[in-house]
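Remarks on the structure that follows.
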Amino acid sequence: MTSTAQPGSPWPRPSRPRLPARAAYALHTLLAANAVYRRLASYLERRPTLYRWFTAGERAGKEALFGCRMCGQCALPATAYTCPMTCPKQLRNGPCGGVSPAGRCEVYPEMSCVWVTAFDRAERTGHSGDLDLLQRPLDNREWGRSSWVNYWQGRDENLWTGATGDNPHPSLSPVSGPAQW
Amino acid sequence: MSLPDGGAAGLRGTLAAGHFAVTAEVEPPRDCDPEAIGRSAALLRDWVDAVNITDNQGSRVRMSSLAASLLALRAGLEPVMQLSCRDRNRLALQSDLLGAGALGVPNVLMLTGDHPRFGDHPEGKPVFDLDGVQLVWAARTLRDDGALMSGGKIATPPAWSIGTVENPFAPPAGFRARRLAKKVAAGADFAQTQFVFDIEAFERWMAGLRELGVTEHCAVIAGVGPIRSLRALEFMRSGVPGVVIPGHVERRLRAVPADRVADTGIDLCVETIQRLTAIPGVAGVHVMAFGQERRVPEILQRAGVGPATRTKAASTTPEGGNHHDR
């Protein structure tokens, strides 16, 4: 589906982020959505060639730092900057039940479970509550597209939600309907 | 297709009445034998409230859980239809959920699923379009809001109860209670756990659930099972992802002669169930007795749990003793 699959492996492999969580949170403030970025995003979307170059840059950077696989709907800000798409099961809501007692991946026992890594990073930086957010299913049409552009355009706002109020069940109604994507 | 679940009976009725529920596991056959499920039903029908019909468990091909659930219903055994994200995308998952609703399957249980790497078709494509939490969520909106994931409305919603699973023993320990809380927020009515051998660790996890208020919204059913042999012990420890067997259990099994290991495994299972009944918030047990299904009634009888035991207790009162009516 993407050209970023690991050589010799058809499946995603757990990736340990190369950027400390604190630095990643700091970097996020640099990229936080604002009017300028929003204008840049709509400009890029009108220029296919520029969009491709921009997306290639985003891919190169995020791949090197986080093992990014370009799902186009970045969960990093809610996972202490540990990419859940590098989990062999691509779980976005926490670890599966197969994590070994030593915290190793069920599928790649030589590697740490990405969610064990995410939990450690979130705890150490005081962002542990982020992992309680409910992550909505991916829109698989967005693979290979720029999640920065999507974020600046405000399309990421409903990627996750908290369970609040008396009703413990949030709604899964398609708040960001297909038309927006 | 009517069900022994008129509200009072069945898994949902048992949980609603606050009785200690018992579920077991039935693996669909690896062929088209229509009688296989019936044989399990004859063995288990009077002893359990429902059975999980597994979905290509261990990533090995078996009869579909929907078909086997229907066979179980016909045989008078209440099914919990397992549904895993490994083999189906969101379209297939939702259509099987609709099918289960139409056929009167009273319970569905959502799983992420084992990775195909360790199964009989390791060359197959892992799907994982949704994860277990998202599947619970989609099932709950389908039932309660009558809406597909697309937002499209359905005229006749399903009525099944929604189950999920959790492993209290896998890292990160600090997140496992919260992970079940997420699934309950997404819509799970009941949850079954991985094998409990380490009761102290399980009690810590249960305390976390009570603190989060999870047990008020979700019935927690603890997984148990007898270890048949030292080979089975080794397999569970190294071949089944996520099973933790503490040293004292292993020492007890190794301390007896080879021909006594199976009986010691049964003793351990009975003792575990008895200890679990005393833990606040534990709503029942889920017995996984691979290769030893015939001994499930013995385990339940000795532990004093399940419909047969409840009926016996009730038969001392005038209205009791009707469990054969199921």
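Order of the sequence lines fixes the chain letters, A, B, ..., with proteins taken first and strands second; residue numbering starts at 1 for each chain.
Note: A/Gly98 leads A/Ala102, A/Gly162, A/Gly98, A/Gly103 in heavy-atom pairs under 4.5 Å with chain B. Contacts with chain A were tallied for B/Pro126, B/Ala173, B/Ala181; B/Pro126 has the most, counting heavy-atom pairs under 4.5 Å. The most heavy-atom pairs under 4.5 Å with chain B, out of A/Arg104, A/Glu123, A/Arg92, come from A/Arg92. With chain B as the partner, the residue from A/Pro109, A/Gly97, A/Cys113 showing the most heavy-atom pairs under 4.5 Å is A/Gly97. Contacts with chain A were tallied for B/Arg86, B/Arg140, B/His217, B/Arg90; B/Arg140 has the most, counting heavy-atom pairs under 4.5 Å. Note: B/Pro171 leads B/Pro171, B/Pro241, B/Gly242 in heavy-atom pairs under 4.5 Å with chain A. Ranked by non-hydrogen atom pairs under 4.5 Å with chain A, the options B/Arg176, B/Glu166, B/Gln194 are led by B/Arg176. Most heavy-atom pairs under 4.5 Å with chain B, from the set A/Pro88, A/Pro95, A/Cys96: that is A/Pro95.
At a threshold of 4.5 Å between non-hydrogen side-chain atoms, the residues B/Trp137 and A/Thr161 count as touching. When side chains are defined from C-beta on, B/Leu130 does not count as touching A/Gln90, because their heavy atoms never get closer than 4.5 Å. You'll find the side chain of B/Arg179 reaches within 4.5 Å of the side chain of A/Asn93, heavy atoms only. Side-chain contact between A/Leu138 and B/Gln134 is absent, with no heavy-atom pair separated by less than 4.5 Å.
Heavy-atom neighbours of B/Glu211 CD from other residues, nucleotides or ligands within 6.0 Å: at or below the threshold of 12. Other residues, nucleotides and ligands place no more than 12 heavy atoms under 6.0 Å from the CZ atom of A/Arg16.
Of the charged side-chain nitrogens involved, at least one lies within less than 4.0 Å of a carboxylate oxygen, so that A/Asp132 and B/Arg178 count as a salt-bridged pair.
Under a 3.5 Å cut-off, the side chain of A/Lys89 and the backbone N or O of B/Thr112 do not form any donor-acceptor pair. No donor-acceptor pair under 3.5 Å is formed between the side chain of B/Arg117 and the backbone N or O of A/Glu106. For the pair B/His115 (side chain) and A/Val107 (backbone), a donor-acceptor distance under 3.5 Å is absent.
Of the atoms belonging to B/Ala185, heavy atoms from both backbone and side chain fall under 4.5 Å from chain A. With a 4.5 angstrom heavy-atom cutoff, B/Pro122 touches chain A only via backbone atoms. Of the two parts of B/Asp131, the backbone and the side chain both hold a non-hydrogen atom closer than 4.5 Å to a non-hydrogen atom of chain A. When heavy atoms are compared at a cutoff of 4.5 Å, B/Phe169 does not approach chain A at all.
Closest non-hydrogen pair, B/Asp145 versus A/Ser171, comes out as OD2-OG, 4.4 Å.
A distance of 7.0 Å separates NZ of B/Lys182 from CG of A/Leu131, quoted to the nearest 0.5 Å.
A parallel orientation is assigned to the rings of A/Trp115 and B/Phe175, their planes being inclined by less than 30° (bins at 30° and 60°).
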